[in-house]
Amino acid sequence: MLENSIESVITSSLVEICRKYGIPAPQVVLEIPRDKKHGELSCNIALTSTRQTGMKPRDLAEKLSTEFPTSKDLVDAVIVAGPGFLNFKLSALYFHNLLKDIVKDSSCFGTSDEGSGERWLFEFVSANPTGPLNVVNARAASIGDTLVRIFKKRGYDAHSEFYVNDGGNQIRLLGASVRARIENVEIPEGGYHGEYVYEYAKSLIKNKEYNTELNSSELYIYNLGRRFAQEIQKEHKVTLDRFRVSFDNWFFESKLHILRSDQNSPVASVVNSLQDKDATYESDGALYFKAGEYGDSKDRVLRKSHSVPGILDEDFDPRQIYTYIVPDTAYHLDKYQRGFIKAVDLLGPDHHGYIISMKASLKALEIPDNFYHAILVQQVNLKRDGEEVKMSKRAGVGITLDDLIEEVGVDTARFFFLRRTISSHLDFDIELAKRHSEDNPVYYVQYAHARIMSILRQPGAKDFDKNVHLECLTTEEELDLLKVIARFPWTLSSIVRNLEPHILTVYLIELARSFHFFYSKHRVITDNSELTAARLMLCKGTANVIAEGLSLMGIEAPEVM
RNA sequence: GCCCCCGUAGCUCAGUUGGAUAGAGCAACUGAUUCCUAAUCAGUAGGUCACGUGUUCGAAUCACGUCGGGGGUACCA
């Protein structure tokens, strides 16, 4: 079953009627009323279009409602309410058919082709390979991975990518930090103090992989950094696999500096293109990009006036010549040339100045404005029983993603990271998350699933899917549960529209609540075999939606708890 | 200075491109288990949606301003 959403069916009927009254189609939008007394769907078109029609909202609503085609398997009734809302009451048959479909094939429920195969690229985490992944990376990983899964389900050709900054000054500093550890001298300013650097240094000595002859050579130090960075990057992949996040592609920055057949590197050709478009000028020995003309607050340096003194030259590492703007622009140009129509970047909270610069350079290269979409993933305040835990990768004190997985587990961590809107600062209390208690919503949702599985294991639970009379489901609790289930596709669609996966956690908690409530009021397995069959199907449908929803977040749905 | 995010119940937060009587969880208090998992459920209580002005049929939501909290403002990436 490919869901041809009820909303689109209702909307198109409504649009047709509205056309008679001169109301343009895009204005017809359905929403789910907060209060269930107002039906399952509602439309405020009569209120919003008073100007175009010159009619009183109430009068227009009456006309629309009488002209709307009702049917037994879709919309039972259209009711005019309040100042002029159109409330749609969906038929029992609609819900029954829906439930049967869900039980037959759970993975299809919520699947849609609304994305029309659009190619979207989600870039996230993209942590520098200079230290272990931290909690902000973990938050971005949870969000990005979940978005990709949901976008795929909604018919987008969605891809995930990790951008690896495998060069530049930071890599040199990483090498210098390793050397400092081995030589037991002071770690350079801006270097890396973490324990992992020390561990790596020790392993080099142990395996006799450190050359004391060459150790003062800048080239040697740089390569030391590169080698270590490669190790760290592999560790990132291992950690992310543990976190159930896999990337379709790992894009290495170094690739952008390699000469192509036209004897230009992607980086160099970005500079050339900008120069061709007269978007640059020289000043004080540096090459500037006229970012100010493209929306940035000021012009930006593209090519530095000098490389880091006495250290590296362009042949050795081109990143000593160009600022980050050049390779990053080349990278996004590459995304565009690969045929993506949208590049979504999940960035850390310290990157917001960067967004305007990036938009400016892409604009100068005549890439459409809406191609690049940056989302700032706000910071994570890690706590332990209410006390702040400070994070600092470079200082080497702090909690890594590996620590977090170890302590609270993947399911809990992912759920917590997905609970809040992306733009809000997130408090993550490790001790709270560890508690297997009512504080912890992951267990609440998972428990609902396990409970259903337990019911389905009962001896009386066999053959529930034959000759089902879903009309037996008549109590308020049963009908409410059914309606919550039916909202799943709408929930996913809303996540796609808003790029906000937390909506799914809110939904699943509500679904679990509806189930627990139903469960506490009614027995599923009773003497009445028809009723039992209908309730078993309702349970199975609920379990399927919970499992599918959790799986979209990379979280397991346990059979037993 | 400029830019971004946030401000909703004691705490942590939802609030569906502006909609109908602003909602959950935790904490507090009261109650529910002879019966499919009590990791559950029910009830009570808790609000000047930071503040002000504006926009309109209608504002927690939009605009402007003020206050408060956090972050950012590199020839680092």
Side-chain angles (χ1 to χ4, degrees), chain A residues 29-35 37-38 42 44 47-48 50 56-57 81-85 87 126 128 130 163 165 167-170 173 190 253 284-288 297-298 300-308 319 321-325 327-328 348-356 376 378-379 381 386 419-427 429 432 435-444 446-448 450-461 487 490-491 493-494 497-498 500 502-503 505-506 509-510 512-513 515-521 523-526 535-536 539 560-561:
Chain A
V29 175
L30 296 178
E31 55 188 18
I32 293 178
R34 206 180 323 222
D35 190 330
K37 275 178 279 183
H38 298 133
S42 98
N44 63 1
L47 291 159
T48 53
T50 47
K56 283 183 185 167
F85 291 101
N87 293 333
S126 297
N128 291 339
T130 51
Y163 180 63
N165 273 298
N169 195 39
Q170 48 172 356
L173 275 170
E253 188 206 332
D284 301 330
L287 183 69
Y288 280 79
S297 55
K298 62 176 183 180
R300 304 283 170 181
V301 172
L302 295 179
R303 197 177 62 225
K304 302 172 189 177
S305 59
H306 54 273
S307 46
V308 179
R319 275 154 288 214
I321 296 290
Y322 298 113
T323 64
Y324 69 94
I325 291 178
D328 280 10
D350 53 337
H351 276 69
H352 91 261
Y354 165 102
I355 298 170
I356 296 173
L376 287 183
Q378 278 299 336
Q379 65 196 70
N381 299 318
R419 273 190 85 192
R420 304 300 180 214
T421 52
I422 296 173
S423 61
S424 68
H425 299 196
L426 179 104
D427 280 344
D429 193 311
L432 204 74
R435 268 176 232 150
H436 288 215
S437 72
E438 54 269 40
D439 301 346
N440 197 328
V442 196
Y443 298 114
Y444 186 82
Q446 289 184 322
Y447 182 55
R451 241 182 174 180
I452 294 170
M453 289 301 122
S454 166
I455 297 169
L456 296 177
R457 281 192 297 271
Q458 298 296 315
R487 263 177 25 216
W490 185 89
T491 302
S493 169
S494 167
R497 276 198 309 274
N498 299 301
E500 279 287 8
H502 84 280
I503 294 169
T505 64
V506 173
I509 290 170
E510 190 182 342
R513 192 189 341 275
F515 173 74
H516 288 309
F517 185 44
F518 156 75
Y519 178 92
S520 68
K521 288 248 175 157
R523 284 193 63 78
V524 174
I525 296 166
T526 65
R535 285 187 174 164
L536 282 168
C539 287
V560 180
M561 281 176 82

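To find a chain, count down the sequence lines: A is the first, B the second, and so on, and within it residues start at 1.
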In terms of side-chain heavy atoms of [X], which of [options] is nearest?
{"X": "A:R497", "options": "B:rU16, B:rG72, B:rU37", "value": "B:rU16"}
{"X": "A:Q458", "options": "B:rC6, B:rC41, B:rC36", "value": "B:rC36"}
{"X": "A:A286", "options": "B:rC75, B:rC3, B:rC41", "value": "B:rC75"}
{"X": "A:A81", "options": "B:rA20, B:rC75, B:rA38", "value": "B:rA20"}
{"X": "A:A450", "options": "B:rG72, B:rC76, B:rU37", "value": "B:rU37"}
{"X": "A:Y444", "options": "B:rA20, B:rU37, B:rU40", "value": "B:rU40"}
{"X": "A:H352", "options": "B:rG71, B:rC41, B:rA38", "value": "B:rG71"}
{"X": "A:R513", "options": "B:rG25, B:rU40, B:rC36", "value": "B:rG25"}
{"X": "A:V560", "options": "B:rU37, B:rG72, B:rA77", "value": "B:rU37"}
{"X": "A:K298", "options": "B:rC76, B:rA74, B:rA38", "value": "B:rA74"}

Mind calculating the distance between [atom1] ([X]) and [atom2] ([N]) to the nearest angstrom?
{"X": "A:R300", "N": "B:rA74", "atom1": "CZ", "atom2": "P", "answer": "7 Å"}
{"X": "A:F518", "N": "B:rU37", "atom1": "CZ", "atom2": "P", "answer": "14 Å"}
{"X": "A:R451", "N": "B:rU37", "atom1": "CZ", "atom2": "P", "answer": "8 Å"}

I'd like to check the side chain to side chain contact (heavy atoms under 4.5 Å, CB included) partners of [X]; sequence neighbours left out, ordered by chain and number.
{"X": "A:R34", "result": "none"}
{"X": "A:D35", "result": "A:K37, A:H38"}
{"X": "A:Y447", "result": "A:R451, A:H516, A:M561"}

Any donor-acceptor pair under 3.5 Å between the side chain of [X] and the base of [N]?
{"X": "A:N87", "N": "B:rA20", "result": "yes"}
{"X": "A:T323", "N": "B:rA77", "result": "no"}
{"X": "A:Y443", "N": "B:rA39", "result": "no"}
{"X": "A:S305", "N": "B:rC75", "result": "yes"}
{"X": "A:K521", "N": "B:rU40", "result": "no"}

Look at the aromatic rings of A:F515 and A:Y519 and report parallel, tilted or perpendicular, splitting at 30° and 60°.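 A:F515 and A:Y519: tilted rings.
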Letter per nucleotide, 5' to 3', of nucleotides 8-13 of chain B [B base touched, S only sugar-phosphate touched, - untouched; heavy atoms, 4.0 Å]: ----SS
Each nucleotide in nucleotides 54-60 of chain B should get exactly one letter: B, S or -. Can you fill that in based on protein heavy atoms under 4.0 Å? ---B--B
Please state the C1' separation for the pair B:rU48 and B:rC35 - nearest whole angstrom.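 These two C1' atoms come out 49 Å apart once rounded.
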For atom P, what is the distance between B:rA77 and B:rG71, given to the nearest Å?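 My reading of the P atoms in B:rA77 and B:rG71 gives 24 Å.
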Does B:rG19 have A:F85 stacked on its base, where the ring centres are within less than 5.5 Å and the planes differ by under 30°?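 One would not call A:F85 stacked on the B:rG19 base.
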Are B:rG72 and A:H351 stacked, with the base six-membered ring and the side-chain ring centres under 5.5 Å apart and planes under 30°?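 Stacking is absent between B:rG72 and A:H351, given that the ring centres and planes do not meet under 5.5 Å and under 30°.
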Stems in RNA chain B: runs of 3 or more consecutive Watson-Crick or G-U pairs, distances under 3.5 Å?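 Stem segments, range with range: B:1-7 with B:67-73, B:10-13 with B:23-26, B:28-32 with B:40-44, B:50-54 with B:62-66.
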Side-chain touch A:I422/A:E500, heavy atoms, less than 4.5 angstrom: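 In short, these two side chains touch, coming nearer than 4.5 Å.
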